[in-house]
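Presented below is the structure to which this report refers.
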2 protein chains.
Amino acid sequence: MKDLVSRCPIEEVMQVISGRWPSLLIYYLKQGTKRFSDLRRDNPTISHKMLTLELRKLEEAGIVERSEFEGYPLRVEYDLTPAGLKLVPLLDALGDWWDATAAGRSTLPVQLTE
Amino acid sequence: MKDLVSRCPIEEVMQVISGRWPSLLIYYLKQGTKRFSDLRRDNPTISHKMLTLELRKLEEAGIVERSEFEGYPLRVEYDLTPAGLKLVPLLDALGDWWDATAAGRSTLPVQLTE
DNA sequence: AGTAAATTACGCACCTTTTTGTAACCACGA
DNA sequence: TCGTGGTTACAAAAAGGTGCGTAATTTACT
């Protein structure tokens with residue numbers, strides 16, 4: 001994800017929430033505090049590398065907060081920030097729009113109009 | 001973009017509107033009917049390959065309507081569908097959220113708090 | 001009259017760039 | 001030795017760019 005200085009806020013959000021993982025991670029974090037390993041369990045197909053990368057991106061964007069605790073094994077907790085929480089209903093609205101729009105899509109399952 | 005059958009509506013929308021172009025194309029189409037070459041002019045850095053691919057994806061998702069007219073040179077027009085129009089305010093809301101959240105981000109421009 | 005070029009919206013093949021996965025390694029303590 | 005939460009290097013896969021070909025008609029030139 002190159003960082004083209006767009007100054008279009010929509011483009012900028014998209015750079016952060018685009019892709020396969022961000023919405024999923026936000027979904028799981030919405031359930032409450034999660035540790036790195038929790039998120040991997042919630043989401044078995046993400047590689048640990050991608051998980052760290054995506055979490056850092058969300059952190060930088062102010063969506064996720066990372067808290068590191070001293071001691072071994074190292075404990076790190078992830079939470080949605082207040083801003084992250086405000087994002088949730090917007091994503092839900094997109095999901096609702098998608099479902100509502102289902103009827104107009106060409107990939108529609110077979111219709112039995114008899 | 002692999003088509004993993006997710007059945008999570010948010011994941012599904014994301015597969016469609018993720019990436020650099022969809023939001024931009026929707027933005028320009030919101031201004032009214034556009035032809036292929038108009039969209040390329042609006043958006044000089046997209047390649048014709050990507051433009052066709054993205055438009056097809058948006059069409060399949062029911063966001064964009066493609067109308068082909070007989071004659072040479074071939075004329076093709078693109079418009080937002082009613083569903084596509086309904087998507088616009090949702091994207092705008094994301095943009096607003098982004099701007100409102102700016103203060104919490106680490107990539108904040110230098111602050112002169114004096 | 002005959003030929004050539006331009007036009008529009010692509011499809012296709014090939015190649016480069018970017019993203020993602022895999023595996024190994026690190027720290028430390030129980 | 002295992003578990004935690006990483007980093008790094010290398011490999012594979014996916015995304016994206018470039019350039020050529022195509023259609024039928026008009027215009028432009030010779």
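In this text the structure is predicted, and so the values were computed from the model without any measurement. In what follows, chains carry the letters A, B, and so on, assigned in the order in which the sequence lines appear, proteins first and then strands, with residues in each chain numbered from 1. Heavy atoms only: backbone and side chains are in, while hydrogens, waters and symmetry mates are out.
Put simply, the side chain of A/L87 reaches to within 4.5 Å of the side chain of B/W97, judged on heavy atoms. Taking 4.5 Å as the limit, some side-chain heavy atom of A/L25 sits within range of a side-chain heavy atom of A/L51. Residues A/L58 and A/Y78 are not in side-chain contact: their nearest non-hydrogen atoms beyond the backbone lie 4.5 Å or more apart.
Nucleotide C/dA9 holds its P atom 12 Å from the CZ atom of B/R56, rounded to whole Å. Rounded to a whole Å, the CD atom of B/Q15 is 14 Å from the C1' atom of D/dA14. In this structure, the CZ atom of A/R40 is 11 Å from the P atom of D/dG5, given to the nearest Å. A/L55 places its CG atom 8 Å from the P atom of D/dG6, with the value rounded to the nearest Å. As rounded to whole Å, 18 Å separates atom P of D/dA24 from atom CZ of B/R75. In this structure, B/L74 atom CG and D/dT25 atom P are separated by 12 Å, rounded to whole Å. Atom CG in A/L53 sits roughly 16 Å away from atom P in C/dT18 (whole-Å rounding). Distance CD (B/E59) to C1' (C/dC10): 13 Å, rounded to an integer number of Å.
Each of A/R35, A/K34, A/K30 was scored for a salt bridge (charged side-chain N to carboxylate O under 4.0 Å, His left out) with A/D42, with one residue passing: A/K34. The side-chain contact (heavy atoms from CB on, under 4.5 Å) test with B/R41 is passed by exactly one of B/N43, B/D38, B/L39: B/D38.
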Which protein N or O atoms sit under 3.5 Å from an N or O of nucleotides 16-18 of chain D?
{"residue": "D/dG16", "atom": "N7", "partner": "B/K49", "partner atom": "NZ", "Å": "3.4"}
{"residue": "D/dG17", "atom": "OP2", "partner": "B/S47", "partner atom": "OG", "Å": "2.9"}
{"residue": "D/dG17", "atom": "N7", "partner": "B/K49", "partner atom": "NZ", "Å": "3.4"}
{"residue": "D/dG17", "atom": "O6", "partner": "B/K49", "partner atom": "NZ", "Å": "2.2"}

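A salt bridge between B/E77 and B/R75 is present, with a side-chain N of the basic residue lying under 4.0 Å from a carboxylate O of the acidic one.
Residues from residues 29-38 of chain B lying near DNA chain C, meaning a heavy-atom separation below 4.0 Å, are B/R35, B/F36, B/S37 in numerical order.
Among D/dG6, D/dT4, C/dC10, the nucleotide with an atom closest to any side-chain atom of B/V76 is C/dC10.
Between the side chains of A/W98 and B/E12, a donor-acceptor pair is found at a separation under 3.5 Å.
Nucleic acid contact class of A/F69 (heavy atoms, under 4.0 Å, all strands): none.
Nearer the 5' end of DNA chain D, as judged by each residue's closest nucleotide, is the contact made by A/R66, out of A/R66 and B/Y72.
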(request) Evaluate side chain to side chain contact (heavy atoms under 4.5 Å, CB included) for A/I63 paired with A/K57, printing each intermediate quantity in order. (result) CA-CA 9 Å; A/I63 294 170; A/K57 188 177 70 175; over 6 Å; no
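A donor-acceptor contact shorter than 3.5 Å links the side chain of A/T52 to the backbone of A/K49.
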